[in-house]
Amino acid sequence: MQTSPAEQALISQLISAEAVVFPVQQAVITPKITAPIRQFFVVRGSRVRQGQFCSPFWENKDLAAAAEQSKGEFAQAEAGYATTVGAGPSRAGSEAELDTAASKEAFDAQQKLYESRKQLFQQGALPRRDLDSAQVALAQARSQYQQAQKQLDDLKIWARSKL
């Protein structure tokens, strides 16, 4: 193999060949929320600058419906809390046991769902967003189970202290 020093000169020979060209920089854009988009300001494959809006107008009907659902769930939880606090010790204890059992079953079901989605994600059959939402749901189910278990334990301690 021979080498020679680089020198500046006119191009003396042109060569044409087939080639695959790759971009210097490429980015995958994934939103923090999922909702339909009304309008795009850029065409696929066009050059964009950092900070440039690509699609700022999100449909918020899904988000508004989710917020209303959350308000309803909160009101239901408040009503359940008021019922539990207003109930007698034996009734509150049996309700706490039922709540603990139900939340344990929900937690176990969510754990199985998360594990199956994790496997699908590892196989490339599921987007990361779905795995993340299953993980969030699992954390919520775990938290609800732990809260129900703590409430049951507190009621048992309170009942023993009244004997």
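Note that the structure is predicted; figures quoted are calculated from it, not measured.
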* Asked: Do Q149 and L152 come within less than 4.5 Å of each other through their side chains, counting heavy atoms only?
  -> yes
Report the distance from atom [atom1] of [X] to atom [atom2] of [Y], rounding to the nearest 0.5 Å.
| X | Y | atom1 | atom2 | answer |
| --- | --- | --- | --- | --- |
| T100 | Q147 | OG1 | CD | 11.0 Å |
| Q151 | S103 | CD | OG | 9.5 Å |
| L138 | S133 | CG | OG | 11.5 Å |
| F121 | D132 | CZ | CG | 7.5 Å |
| L155 | E97 | CG | CD | 9.5 Å |
| L113 | E115 | CG | CD | 10.0 Å |

* Asked: Is it true that K104 and D108 have a side-chain N and a carboxylate O under 4.0 angstrom from each other?
  -> yes
* Within a radius of less than 6.0 Å around CD of Q76, do more than 12 heavy atoms belonging to other residues, nucleotides or ligands occur? -> no
* Do you see a donor-acceptor pair shorter than 3.5 Å between the side chains of Q144 and Q140? -> no
* Do Y114 and Y145 share a hydrophobic cluster, counting only Ile, Leu, Val, Met, Phe, Trp and Tyr and linking them when any side-chain heavy atoms are less than 4.5 Å apart? -> yes
